[in-house]
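No experiment lies behind these values; they were computed from the predicted model shown. Position 1 is the first residue of the sequence, and the numbers go up from there. Just follow the structure's listing: the first ligand is 1, and inside any ligand the first atom is 1.
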Amino acid sequence: MIVLGIESSCDETSAAVVRMENGKREILSNIVASQIETHRLYGGVVPEIASRAHIEAISRITYEALDVAKVTLSDIGCIAVTSHPGLIGALLVGVNFAKSLAYSRNIPLVAVNHVKAHVAAAYLEYETLEPPFLALVVSGGHTSFYNVTSYTDFCEIGSTRDDAAGEAFDKIGRVIGMPYPGGAAMDKLAYEGDPNAIKLPSPALVGDTLDFSFSGLKTATLNYINSERQKGVEPSHADITASYTRTIVDAIKTKTDAALKLSGAKRLVLAGGVAANSHIRRGLSELCQSRGVEFCRPSLSLCSDNAAMVAAAGYFEYLNKNFADTSLNASALDD
Ligand code: KG4
Ligand code: ZN
């Protein structure tokens, strides 16, 4: 079956064509139009600007995805669209576009949860991967553990109680002068600093929980930067970044270790935009190796927001007959 995926939950308009057959998964196209340059001027995503940019791009991007895949709408067996969670105005653009396309061409439509789609990216590259497994989603909006019990059923067993890991990277990146979003630039800069230079509080909550809290770490780092600046000293950006990254990686390793023990999972899937972080990838790779756990981490282009992952998740919703109709609405919230 050939699935057309459509994604517009935040600041990337994306359309993809993916062939999903028993055990065989092939990305025929995965077009992403990023709005980052536009939002950079404001230091973060401006929802109204994001919605307007999606409206301008969505039709062109969808037809480009079909052209690159060398298919037409007549070849599409199912349209999968991200319906939640995300920015409501941005989501509505993709949802309404997908509904019109599905209705006018009589193509089955399925609604996809963006977080589940991040996890489904792993099915595209690990063809033998199947549930059950443990998933860790680290993105701009989420830092959560899920027991994935089937292709469509997730049970959250831990999450952040405030900021997500991506927000935490972006906020400190901004304070040290990096353009939005600072996550990828901090990844590189961390190699140039001393990871033990600054002692920072762990975002791993103490006790019998798989939850995180990034707000204390963020405040402590801001306080350190401000107190150095008050002394007339600009602290080393590389040392801050290396220490900050090490603190986050250590916390993620600690909680992932606990989550693996609790769930008894033999496979870990890492997903979401922050899953591109090379320090997190290496830290979790070492952990999985030491525990004899298979570690599935999609390529960088499948970690950030893209519609191929939406198509993959949508395929399993289709198999479950979870069809949507023209009453489908978007929602800013998780399920
Ligand atoms: O999943 P995503 O593309 O969008 C959401 O669904 O939120 O994640 C975007 C986040 C941003 O916060 C960005 O700074 C972060 O992923 N990010 C990274 C890296 N690449 C992207 N954070 C740390 N290291 C990276 N290499
Ligand atoms: Zn995302």
Side-chain angles (χ1 to χ4, degrees), residues 5-14 16 30 32-37 39-40 43-45 47 50 54 81-88 90-91 94 112-122 135-144 146 159-160 163-176 178-191 203 214 217-218 240-242 244-249 251-252 269-284 297-313 332-334:
I6 295 177
E7 157 66 36
S8 70
S9 66
C10 189
D11 57 350
E12 259 104 26
T13 318
S14 181
N30 191 13
V32 181
S34 173
Q35 307 170 5
I36 280 181
E37 291 302 327
H39 297 294
R40 197 163 269 166
V45 178
H54 285 306
V81 64
T82 304
S83 63
H84 65 291
L87 299 172
I88 189 69
L91 285 163
V112 167
N113 174 310
H114 182 80
V115 180
K116 289 183 177 176
H118 270 301
V119 174
L136 168 60
V137 178
V138 271
S139 71
H142 289 79
T143 307
S144 306
Y146 300 93
S159 79
T160 179
D163 291 346
E167 276 175 283
F169 274 117
D170 295 344
K171 278 182 188 160
I172 296 304
R174 188 170 165 178
V175 174
I176 60 172
M178 284 170 175
Y180 172 83
M186 287 186 83
D187 188 348
K188 286 200 189 77
L189 187 61
Y191 286 100
F214 287 89
L217 167 66
K218 211 182 59 192
I240 293 167
T241 305
Y244 193 72
T245 302
R246 200 216 67 207
T247 308
I248 291 177
V249 173
I252 287 178
V269 168
L270 178 66
V274 184
N277 186 279
S278 61
H279 309 271
I280 296 175
R281 289 169 91 88
R282 198 183 51 240
L284 290 180
R297 68 288 204 191
S299 319
L300 304 197
S301 62
L302 287 178
C303 288
S304 52
D305 289 349
N306 69 89
M309 67 184 197
V310 177
L333 307 174
D334 280 306

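At a heavy-atom cutoff of 4.0 Å, ligand 1 is surrounded by H114, H118, S139, G140, G141, G166, F169, D170, P181, G183, A184, D187, G272, G273, V274, A276, N277, S304, D305.
For the side chain to side chain contact (heavy atoms under 4.5 Å, CB included) with V310, the lone residue among T82, I6, D305, N30 that qualifies is T82. Each of S9, P85, S83 was checked for a side chain to side chain contact (heavy atoms under 4.5 Å, CB included) with N113, and the lone residue meeting it is P85. Checking each of I172, I240, D170 against M186 for a side chain to side chain contact (heavy atoms under 4.5 Å, CB included) leaves exactly one that passes, namely I172.
Between A276 and D187, the closest heavy-atom pair is O-OD2, 3.6 Å.
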Between F169 and V138, is the side chain to side chain contact (heavy atoms under 4.5 Å, CB included) condition met? List the steps. CA-CA 11 Å; F169 274 117; V138 271; over 6 Å; no
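The salt bridge (charged side-chain N to carboxylate O under 4.0 Å, His left out) search around R174 returns none, not counting sequence neighbours. H54 meets the ring-ring contact (aromatic ring centres under 6.0 Å, His included) test with no other residue; sequence neighbours excluded.
H279 and Y191 have tilted rings, their planes meeting at an angle from 30° to 60° on a 0 to 90° scale.
Any protein N/O/S atom under 2.8 Å from the Zn ion (ligand 2) was counted, giving 3 altogether.
In this structure, CZ in F214 is found 8.0 Å from OH in Y244, a value given to the nearest 0.5 Å.
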